[in-house]
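Accompanying notes for the structure given below.
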Amino acid sequence: MCQLLGMNCNTPTDVRFSFSGFTQRAGNTGDHTDGWGIAFFEDKGLRLFVGHERAIDSPIAKLIREYPIKSRNVIAHIRKATQGAVSLQNCHPFVRELWGRNWVFAHNGDLKGFAPKLHAHFHPVGNTDSEQAFCWILQELWKSHAGLPSVQELTHTLRELARRISPHGTFNFLLSNGEALWAHATTHLCYTERRHPFTQAHLSDEDLSVDFAQETTPQDRVAIIVTAPLTKNETWTPIQSGELKVFVQGECLSL
């Protein structure tokens, strides 16, 4: 199946270190070779890059590994296709507008027999179960709330919607509207929180390390969410099956 990477911060931060290790799994240390994508929020704006080739071979992915695009919320995905052709329209993350905000979604898993009725503004462009689930989630959010609710209200609604989809199969996902980042696990998903005092981190998939103490301020907070731990020497907390976590300002909230 696919792999997910998310970053949530309290100050705009670049994701080069984590993305570099992550993309090694798209042909070097893993076989997630059916496309890739990454989305960066900048205020209400969004930068989206996708490709249907291996991320490890992509010149655009190479640019992102080297260029410090800074964002408070990032979602990335490398694909191992289960449903839908290997094509650009089936590459995650997917993006839609709701309540005047961009929403970004990426999924790891395989949903069987999930064919909800879709109406209003939300319809898939490609033919994956992932994009269909995303469209249904936004449709149900739109039906449940008259306008953009608080993070707490959104978390409550998303938890209920995830419970309705999960019986159809593996439903690991990342979702963000630029204000918060939600992570739901069925099987494998974990996170680490980087904060002062920062230390040196070593990637698991590549011979690369960085001393975050030299790159940050004492006020910085960064949460990294990923399918499998990216580093050898940091503490990674697993997200339990059926659990929905929400990250705001670089930390996991208890709601």
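These numbers come from the heavy atoms of this one structure, side chains and all, not from hydrogens, waters or symmetry mates.
- Listed for the Asn177 side chain is no donor-acceptor partner under 3.5 Å among the backbone atoms of Val104.
- Judged by distance alone, the side chain of Asn172 and the main-chain N or O of Ala185 form no donor-acceptor pair under 3.5 Å.
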Any chance you could lay out the side chain to side chain contact (heavy atoms under 4.5 Å, CB included) test for Phe19 and Trp36, step after step, and finish with the verdict?
CA-CA 11 Å; Phe19 187 68; Trp36 69 279; 4.1 Å; yes

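- The number of heavy atoms from other shown groups lying within 6.0 Å of CD (Glu243) is above 12.
- In this structure, Ile165 and Trp136 have side chains that are in contact, with non-hydrogen atoms separated by less than 4.5 Å.
- Side-chain atoms of Ser20 and Glu206 include a donor-acceptor pair closer than 3.5 Å.
- Checked by atom type, the side-chain pair Ser150/Glu153 shows a donor-acceptor distance below 3.5 Å.
- Contact between Ala115 and Gln132 at its shortest, heavy atoms only, is CA-NE2, 3.3 Å.
- Side chain of Asp129 to backbone of Leu111: a donor-acceptor contact under 3.5 angstrom is found.
- Closest approach of Ala180 and Val246 over heavy atoms only: CB-CG2, 4.0 Å.
- The CD1 atom of Ile64 sits 9.5 Å away from atom OG1 of Thr23, with the distance rounded to the nearest 0.5 Å.
- The 12-atom threshold is exceeded at NE2 of His168, counting heavy atoms of other residues, nucleotides or ligands nearer than 6.0 Å.
- At least one donor-acceptor pair closer than 3.5 Å links the side chain of Asn90 to the backbone N or O of Asn127.
- Counting only distance, with no hydrogens or angles, the side chain of Arg221 and the backbone of His196 share no donor-acceptor pair below 3.5 Å.
- Centroid-to-centroid, the aromatic rings of His184 and Phe171 come within less than 6.0 Å.
- Atoms OG1 and CD, from Thr237 and Glu193 in turn, are 7.5 Å apart once rounded to the nearest 0.5 Å.
- With contacts defined as side-chain heavy-atom distances shorter than 4.5 Å, the pair Arg25/Val226 qualifies.
- For the side-chain contact (heavy atoms from CB on, under 4.5 Å) criterion with Glu131, the lone passing option out of His123, Gln89, His92, Arg96 is Arg96.
- Criterion: ILVMFWY side-chain heavy atoms under 4.5 Å apart, direct or through other members. Under it, Leu154 and Leu98 are part of a common hydrophobic cluster.
- For the residue pair Thr170/Asn108, the side-chain donor-acceptor check at 3.5 Å is not satisfied.
- Here ring-ring contact (aromatic ring centres under 6.0 Å, His included) pairs that include residues 199-251, with residues two or more places apart or in two chains, are Phe17-Phe212, Tyr191-Phe247.
- In terms of modelled atom types and a separation under 3.5 Å, the side chain of Gln219 and the main chain of Asn10 share no donor-acceptor contact.
- Here the closest heavy-atom approach between residue Cys2 and residue His107 is recorded as CB-O, 4.1 Å.
- Cluster membership check: Leu181 does not share its hydrophobic cluster with Met7, using side-chain heavy-atom separations under 4.5 Å among Ile, Leu, Val, Met, Phe, Trp and Tyr.
- Within the model, atoms CD1 of Ile137 and OG of Ser144 stand 11.5 Å from one another, a figure rounded to the nearest 0.5 Å.
- Trp103 and Trp99 have perpendicular rings, their planes meeting at more than 60° on a 0 to 90° scale where under 30° would count as parallel.
- Using a 4.0 Å cut-off between charged nitrogen and carboxylate oxygen, Lys44 and Glu97 do not count as a salt-bridge pair.
- Rounded to the nearest 0.5 angstrom, Ile38 CD1 and Ile78 CD1 are separated by 11.0 Å.
- With rounding to the nearest 0.5 Å, the separation of CG in Leu230 from CD in Gln24 is 11.0 Å.
- Scanning both residues, Pro12 and Arg72, for their nearest heavy atoms gives CD-NE, 3.6 Å.
- Taken together through direct or relayed side-chain contacts under 4.5 Å among Ile, Leu, Val, Met, Phe, Trp and Tyr, Phe49 and Leu5 form part of one hydrophobic cluster.
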So Trp182 and Val151, side chain to side chain contact (heavy atoms under 4.5 Å, CB included) or not? Walk me through it.
CA-CA 10 Å; Trp182 289 270; Val151 169; 4.2 Å; yes

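- Looking only at distances, no side-chain donor or acceptor of Asn102 sits under 3.5 Å from a matching main-chain atom of Phe41.
- The two residues Arg79 and Thr128 come nearest to each other via the heavy atoms NH2-CG2, 3.8 Å.
- For Thr157, the side chain to side chain donor-acceptor pair (under 3.5 Å) test picks out His145, with sequence neighbours left out.
- Residues Ala228 and Cys190 approach most closely at C-SG, 4.1 Å, considering heavy atoms.
- Between atom CD of residue Glu215 and atom CZ of residue Arg16 there is a gap of 7.5 Å, rounded to the nearest 0.5 Å.
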